[in-house]
Amino acid sequence: MQKLLISFLFLIMACPLFAVDYTEMSTQELIEIMGYVEKENLHKFEKELKSRVPTMTQKERDKYLQNLKKIKK
């Protein structure tokens, strides 16, 4: 019983390790992985990326729009 409880607690504590945190990534990193994000993470990815559009440099915005066109094709 104690082994089962320890295993269960370990599993609960390890679950966040598999979650992707896009807030920790740079804007350039987010732009580079456009089109390669798994479907289950897509909503979080798009939300984070769209929140950064107003603060993007012109170079980042150009690359973002370029990759956005590739995804929609």
Side-chain angles (χ1 to χ4, degrees):
M1 182 68 175
Q2 188 177 13
K3 288 182 181 180
L4 181 62
L5 180 61
I6 291 171
S7 297
F8 182 71
L9 288 174
F10 176 75
L11 181 63
I12 289 174
M13 294 174 78
C15 284
L17 297 176
F18 300 107
V20 179
D21 186 11
Y22 296 110
T23 61
E24 297 293 322
M25 299 177 95
S26 71
T27 303
Q28 292 174 342
E29 289 173 323
L30 292 175
I31 291 169
E32 291 299 320
I33 64 170
M34 288 174 73
Y36 299 102
V37 177
E38 295 178 15
K39 286 186 179 183
E40 60 266 8
N41 299 326
L42 196 55
H43 179 71
K44 288 181 182 179
F45 172 77
E46 288 177 342
K47 183 179 176 184
E48 182 62 30
L49 191 58
K50 286 179 183 178
S51 73
R52 296 191 189 195
V53 171
T55 61
M56 286 181 184
T57 65
Q58 188 60 42
K59 185 177 178 182
E60 289 172 335
R61 189 172 285 121
D62 291 342
K63 186 72 172 174
Y64 167 74
L65 293 173
Q66 203 173 38
N67 287 353
L68 196 59
K69 289 177 186 176
K70 290 179 186 177
I71 293 172
K72 291 184 178 182
K73 288 183 180 181

Show the atom names and distances, to 0.1 Å, of all donor-acceptor pairs under 3.5 Å that link a side chain in residues 27-38 to residues at least two apart or in another chain.
from, atom 1, to, atom 2, distance (Å)
T27, OG1, R52, NH1, 3.3
E29, OE1, S26, N, 2.8
E29, OE1, S26, OG, 3.4

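Residues passing the ring pair (Phe, Tyr, Trp, His ring centres under 6.0 Å) test with Y64: none are found, sequence neighbours excluded. Contacts of S51 classified as side chain to side chain contact (heavy atoms under 4.5 Å, CB included), with partners at least two apart in sequence or in another chain: E48. Applying the side chain to side chain donor-acceptor pair (under 3.5 Å) test to D62 and every residue at least two apart in sequence or in another chain returns Q58.
Note that CG of L49 is 10.5 Å distant from CE of M25, once rounded to the nearest 0.5 Å. Within the model, atoms OG1 of T55 and CZ of R61 stand 8.5 Å from one another, a figure rounded to the nearest 0.5 Å.
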